[in-house]
Amino acid sequence: MKYTQLGRTGLKVSRLVLGTMNFGPQTDEADSHAIMDAALDAGINFFDTANVYGWGENKGRTEEIIGNWFAKGGDRRDKTVIATKVYGNMGADGEAWPNHDKLSAVNIRRAVDASLKRLRTDHIDLYQFHHIDRATGFDEIWQAIDTLVQQGKVLYAGSSNFPGYKIAQANETAARRGGTIGLVSEQCLYNLAERRAEMEVIPAAQEYGLGVIPWSPLHGGLLGGVIKKEVQGGRRASGRAADALADPAKRAQIQAYEDLLDKHGVEPGEAALAWLLTRPGVTGPIVGPRTAEQLASALRAVELELSEELLSGLDEVFPGPGPAPEAFAW
């Protein structure tokens, strides 16, 4: 496994991040523990979750599964950089009691303590804001985080799904307050098929020293050889991938992508991950393997070197938006 610093911090994390969103809803506890063991054995030390994972009436279940894994001992907690998130409504019925969601100081304090209990740990390495909260100012948010850092409950703070201007606003507020390190990471939707983050979000992250953690690196399976699997009678596309393939132009684009990689003898899913690892500012993509082979495929991507010819070909199939403001102005 290869490692890098998380943004401007001294924290070393693996170039792949283990996503745990399926733990509970799709993967039972025993298999989830086996996947985490395999990931740790392979050198992946960066695990990502969120307080709402488990979904519906089982919100929080994913953190509980991870906490039970930590409780097995064997230095599991000591070797793991655990990242979780706050923002979502934790009410099982979808109704939030006032101050039981978003980023008020009251909810941040409550949510941290609840996550720590479920994770069965005394601290969270990276505490991420799952979404912007338009009703809460960053002075209040940083006051809450500063208290948690002083208490030793949180080490670093990060954002998720933030626009570029909010990254700037958050860190300018932190700088003005003094003594607050501010955001150190941004977790955003970013992959070959969805490159809008290159226009504002990633430049802002680089400017302020945030590590970029792409989620959905295969765009819901669309970049994982979906047409080839379809032809071979394998698992059919669903969700975002199925919706995209229903568009003839998008299907033609994905076919061109798969043809290009077939020409170079590279597996689509591995190429999509390897491409992200070449992008400026990217710490590592989040992968959510359901099987041992999927984990092995993700690990191969870390060692995969993409030729300049292939990189150019990928840019032709999936052109990025270009930098701001040139992408929309002169």
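- Clustering of Ile, Leu, Val, Met, Phe, Trp and Tyr by side-chain heavy atoms under 4.5 Å joins Val17 with Leu6, Leu11, Val13, Phe46, Val81, Leu126, Leu155, Tyr156, Ile181, Val184, Leu189, Ile213, Trp215, Ile286.
- Using a 4.0 Å cut-off between a side-chain N of Lys or Arg and a carboxylate O of Asp or Glu, Arg77 and Asp125 qualify as a salt bridge.
- A continuous path of Ile, Leu, Val, Met, Phe, Trp and Tyr side chains, each step under 4.5 Å between heavy atoms, connects Leu277 with Met1, placing both in one hydrophobic cluster.
- Between Glu303 and Arg15, no side-chain nitrogen of the basic residue sits less than 4.0 Å from a carboxylate oxygen of the acidic one, so the salt-bridge criterion is not met.
- Salt bridge Arg176/Asp139: present, at least one basic N to carboxylate O contact under 4.0 Å.
- Grouped with Met21 in one hydrophobic cluster are Val52, Tyr53, Trp55, Met90, the linkage being side-chain heavy-atom contacts under 4.5 Å among Ile, Leu, Val, Met, Phe, Trp and Tyr residues.
- Checked for salt-bridge contact, Glu270 and Arg300 meet the test: a charged N lies under 4.0 Å from a carboxylate O.
- Residue pairs meeting the side-chain hydrogen bond (donor to acceptor under 3.5 Å, both in side chains) criterion with at least one member in residues 276-287, sequence neighbours excluded, are Tyr190-Arg279.
- Remark: Glu207 CD is loosely packed, at most 12 non-hydrogen atoms of other residues, nucleotides or ligands lying under 6.0 Å away.
- For Thr136, the side-chain hydrogen bond (donor to acceptor under 3.5 Å, both in side chains) partners two or more places apart in sequence, or in a different chain, are Asp133.
- Residue pairs meeting the side-chain hydrogen bond (donor to acceptor under 3.5 Å, both in side chains) criterion with at least one member in residues 39-48, sequence neighbours excluded: Ser14-Asn45, Asp48-Lys85, Asp48-Gln128, Asp48-Gln187.
- Legend: residues meeting side-chain contact (heavy atoms from CB on, under 4.5 Å) with Thr180, ordered by chain and number and at least two apart, are Trp142, Asp146, Ala174, Arg177.
- Looking at heavy atoms from C-beta onward, His123 lies out of side-chain contact with Val154 at the 4.5 angstrom threshold.
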